[in-house]
Amino acid sequence: DTGVSQDPRHKITKRGQNVTFRCDPISEHNRLYWYRQTLGQGPEFLTYFQNEAQLEKSRLLSDRFSAERPKGSFSTLEIQRTEQGDSAMYLCASSPSRGFQETQYFGPGTRLLVL
Amino acid sequence: RKEVEQDPGPFNVPEGATVAFNCTYSNSASQSFFWYRQDCRKEPKLLMSVYSSGNEDGRFTAQLNRASQYISLLIRDSKLSDSATYLCVVHQGGKLIFGQGTELSVKP
């Protein structure tokens with residue numbers, strides 16, 4: 001399977017714990033994006049990378065959230081001191097860098113539940 | 001006001017019906033436009049891009065009116081397998097802005 005992969009697929013944690021999610025983009029894609037989706041809503045943009053550079057962060061990305069893409073390949077999204085409001089599906093997407101109008105391909109998501 | 005607004009759902013239609021989804025966007029600088037489909041508890045998948053001249057893909061027709069900042073999707077001869085949430089999406093400065101989605105349920 002050469003699509004976007006995410007790990008883990010599901011995560012249950014207690015409030016206050018830290019969690020980290022991983023995303024592996026499609027191999028030739030330079031751009032990588034993180035979105036968050038809550039029940040009954042469309043996905044909301046969090047941040048994106050061009051290779052290893054983080055180019056934009058949404059104001060939704062509080063200081064408890066940090067994303068990295070150290071070698072321009074896979075990316076991690078860490079949430080520190082989780083809150084119940086962080087419960088959502090976290091989606092990763094990737095696209096080639098031939099222009100901003102390139103289609104973004106989504107991974108299956110990581111579903112987070114904070115108790 | 002949300003940047004991308006869609007018709008509230010759900011839409012419940014019989015097989016074979018024609019169904020239309022409408023969407024408006026607020027930022028006239030939006031660069032490109034899409035419809036994504038999302039099945040229950042799955043990731044969004046691109047259904048089709050939307051062009052100013054209108055475009056068709058089988059039973060699906062998408063229209064864009066830049067002057068009115070309005071996007072539509074028409075599904076003809078709906079199938080049971082069309083049941084999903086349809087997301088109107090605009091592309092702004094590298095990121096996708098999604099509507100809240102409209103749920104479609106096609107019944108036998």
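Chain A is the first sequence line, chain B the second, and so forth, proteins listed ahead of strands; every chain is numbered from 1.
- For B/Phe21, the ring pair (Phe, Tyr, Trp, His ring centres under 6.0 Å) partners two or more places apart in sequence, or in a different chain, are B/Phe11, B/Tyr86.
- Residues B/Leu73 and B/Val4 are members of one and the same hydrophobic cluster, defined by side-chain heavy-atom contacts under 4.5 angstrom among Ile, Leu, Val, Met, Phe, Trp and Tyr.
- The stretch residues 35-67 of chain B places B/Tyr36, B/Gln38, B/Arg41, B/Lys42, B/Glu43, B/Pro44, B/Leu46 near chain A, each with some heavy atom under 4.5 Å from a heavy atom of that chain.
- Contacts between A/Glu56 and chain B at a heavy-atom distance below 4.5 Å involve the side chain alone, from C-beta outward.
- In this structure, A/Ile12 places its CD1 atom where only 12 or fewer heavy-atom neighbours from other residues, nucleotides or ligands lie under 6.0 Å away.
- Connection of B/Leu80 to B/Ile75 is established within a shared hydrophobic cluster, with ILVMFWY side chains joined at heavy-atom distances below 4.5 Å, either directly or through further cluster members.
- Contact record, A/Phe45 with B/Leu96: CB-O, 4.2 Å, taken as the closest heavy-atom pair.
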Verdict with reasoning, A/Gln104 to B/Lys95, per side chain to side chain contact (heavy atoms under 4.5 Å, CB included) = CA-CA 9 Å; A/Gln104 294 183 20; B/Lys95 60 183 181 284; 5.6 Å; no

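- A/Phe49 and A/Leu61 fall within the same hydrophobic cluster, where Ile, Leu, Val, Met, Phe, Trp and Tyr residues are linked whenever their side-chain heavy atoms come under 4.5 Å apart, directly or through other members.
- By the rule that hydrophobic residues join a cluster once side-chain heavy atoms approach within less than 4.5 Å of another member, A/Leu60 and A/Val19 end up as members of one cluster.
- How far CD of A/Gln37 is from CG of B/Leu87: 7.0 Å, rounded to the nearest 0.5 Å.
- For residues 81-91 of chain A, the interface with chain B (any heavy-atom pair closer than 4.5 Å) comprises A/Met89, A/Leu91, sorted by residue number.
- Using a 4.5 Å heavy-atom cut-off against chain A, the contacting residues of residues 98-108 of chain B are B/Phe98, B/Gly99, B/Gln100.
- Side-chain heavy atoms closer than 4.5 Å link hydrophobic residues (I, L, V, M, F, W, Y) into clusters, and following such links, possibly through other members, connects A/Tyr33 to A/Phe106.
- The side-chain heavy atoms of A/Pro43 and B/Val89, taken from C-beta on, include no pair separated by under 4.5 Å.
- A/Leu39 CG: 12 or fewer foreign heavy atoms inside a 6.0 Å radius.
- For A/Tyr105, no part sits under 4.5 Å from any heavy atom of chain B, backbone or side chain.
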